2 protein chains.
Amino acid sequence: MIAEDIFQQTFRKIGLRLTKQRKAIFEYLLNNHTHPTAQEIFSNLHPMYPELSLATVYNTLEVLVENSLIQNLGSAFDESVHYDADQSPHINLICTLCHKISDYPTESINQLTMQIRSTLGFRVSGARIVYYGKCRTCLKNNI
Amino acid sequence: MIAEDIFQQTFRKIGLRLTKQRKAIFEYLLNNHTHPTAQEIFSNLHPMYPELSLATVYNTLEVLVENSLIQNLGSAFDESVHYDADQSPHINLICTLCHKISDYPTESINQLTMQIRSTLGFRVSGARIVYYGKCRTCLKNNI
DNA sequence: ATTACTGCAAAAGATTTGCACTAGG
DNA sequence: CCTAGTGCAAATCTTTTGCAGTAAT
């Protein structure tokens with residue numbers, strides 16, 4: 001299968017074995033842009049992979065981050081670390097009424113990132129930019 | 001004392017009793033821009049206030065955040081939540097090597113905020129902007 | 001065949017909680 | 001006084017770790 005080859009190549013390139021678990025976790029992050037925590041990933045995959053353990057989820061996430069295949073978004077609002085396969089810095093908008101998280105890609109961030117790099121000599125490896133407030137839909141519906 | 005009155009007023013306004021502990025913790029955050037964790041605050045205040053407990057530090061920080069007197073900055077990739085009394089919008093730069101958090105105030109944020117407001121119709125009530133990577137000092141020292 | 005990876009269960013840390021006691025208003 | 005706030009210790013929750021067994025190459 002072609003899809004298998006892509007995973008194989010990606011993992012082989014960085015000297016990692018392609019296990020069912022790693023494939024499942026990485027695939028999950030590629031297909032879901034919900035910024036899940038380790039626990040959420042585990043809960044979602046467990047029905048399909050009953051043999052998967054939470055410790056493996058943590059191990060795998062660490063390995064994927066180390067090899068820059070995914071991003072660690074840190075824990076901004078709850079006490080858990082969130083992960084994302086989307087590597088480009090983008091804005092998360094959290095609506096405090098409907099609790100939906102939406103993404104907002106914009107050029108401004110690249111400018112800001114470059115500014116930080118050049119002005120401060122800080123080597124940026126990631127960013128979490130979260131705005132919270134009330135989304136257009138909730139405002140319109142006067143919730 | 002005048003200074004006492006300011007604390008009294010601030011706390012009374014939001015219906016909180018001014019205890020020695022709360023005053024000490026809030027004062028500590030106002031005077032130190034080191035973005036400390038609960039543990040760090042406790043360790044620093046304990047010699048002067050031997051009766052202070054870690055649980056009270058956690059309680060107090062929660063109360064102060066709820067009443068918007070301080071900010072919860074999330075973790076600095078070191079498994080602990082950091083706090084800051086600086087309420088003005090600014091960027092936090094977290095070094096993943098030394099775990100220090102530094103501030104970077106810039107006009108760009110106001111532009112970004114306005115852009116989100118006008119383009120998306122999102123009514124912004126707050127923001128947390130965190131960049132992480134390697135700081136100049138750690139890069140220089142080749143840690 | 002090797003040995004990197006996994007699952008499990010126990011450990012380690014950070015934070016929260018229940019409750020009797022204390023002190024601020 | 002009255003009750004919000006505190007200290008303590010136990011509980012909880014997230015993440016890490018040690019080790020024997022399993023599976024990828």
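Here is the naming used below: chain letters follow the sequence lines, and residue numbers restart at 1 for every chain. Given the structure is predicted, the values throughout are model-derived calculations rather than measurements.
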Check: Could you state the NZ-P distance from A:K23 to D:dT25, rounded to the nearest angstrom?
Finding: 12 Å

Next item on the list: Round to the nearest Å and state the distance from B:E62 atom CD to C:dT16 atom P.
Entry: 6 Å

Item checked: Distance (rounded to the nearest 0.5 Å) between B:Y83 OH and B:E62 CD -> 8.0 Å

Check: Which of the following nucleotides, C:dG7, C:dG24, D:dT15, is nearest to the side chain of B:K20?
Finding: C:dG24

Check: Which residue lies toward the 5' end of DNA chain D, B:G15 or B:A55, if each is placed at its nearest nucleotide?
Finding: B:G15

Next item on the list: Taking B:R128 for its side chain and B:N72 for its backbone only, find out whether a donor-acceptor pair lies under 3.5 Å.
Entry: yes

Notebook entry, point to check: A:L52 CG to C:dG7 C1': how many Å, rounded?
Noted result: 10 Å

Notebook entry, point to check: Between C:dG7, C:dT15, D:dG7, which nucleotide has the shortest distance from any of its atoms to the side chain of A:E51?
Noted result: C:dG7

Next item on the list: Let me know the distance between CG of A:N59 and C1' of C:dA4, rounded to the nearest Å.
Entry: 12 Å

Margin query: Whether B:R17 contacts D:dT3 is assessed here as follows: a side-chain N or O lying under 4.0 Å from the phosphate OP1 or OP2. Is that the case?
Written below: no

Item checked: From B:L120, B:L112, B:I129, residue fulfilling side chain to side chain contact (heavy atoms under 4.5 Å, CB included) relative to A:I91 -> B:L112

Checklist line | B:E79 vs B:T60, nearer the 5' end of DNA chain D by closest nucleotide | finding: B:T60

Check: When you check the phosphate oxygens OP1 and OP2 of C:dT6, does a side-chain N or O of A:T19 lie under 4.0 Å from one of them?
Finding: yes

Note to self: Quick check for you: among C:dA23, C:dA14, D:dT14, whose closest atom lies nearest to any side-chain atom of A:Y58?
What the structure shows: D:dT14

Notebook entry, point to check: Under a single-linkage definition using a 4.5 Å side-chain heavy-atom cutoff for Ile, Leu, Val, Met, Phe, Trp and Tyr, are B:L97 and A:I116 assigned to the same hydrophobic cluster?
Noted result: no

Item checked: Rounded interatomic separation in angstrom, taking CG from A:L16 and P from C:dA4 -> 12 Å

Check: Can you check the A:L54 CG to D:dT15 P distance for me, whole Å?
Finding: 9 Å

Item checked: Min side-chain heavy-atom separation B:L69-B:R22 under 4.5 Å -> no

Checklist line | Proximal nucleotide (of D:dT25, D:dT6, D:dG5) relative to the A:Q8 side chain | finding: D:dT25

Notebook entry, point to check: Any side-chain N or O of B:Q21 under 4.0 Å from OP1/OP2 of C:dA23?
Noted result: no

Next item on the list: Give the rounded distance in Å between these two atoms: CD of A:E40 and P of D:dT14.
Entry: 10 Å

Next item on the list: Please determine if a side-chain N or O atom of B:S53 lies less than 4.0 Å away from the OP1 or OP2 oxygen of D:dC8.
Entry: no

Check: Rounded to the nearest Å, what distance is computed from the CD1 atom of residue A:I14 to the P atom of nucleotide D:dT25?
Finding: 13 Å

Item checked: Nucleotide nearest B:R12 when distance is taken to its side chain, options D:dG7, C:dA14, C:dG25 -> C:dG25

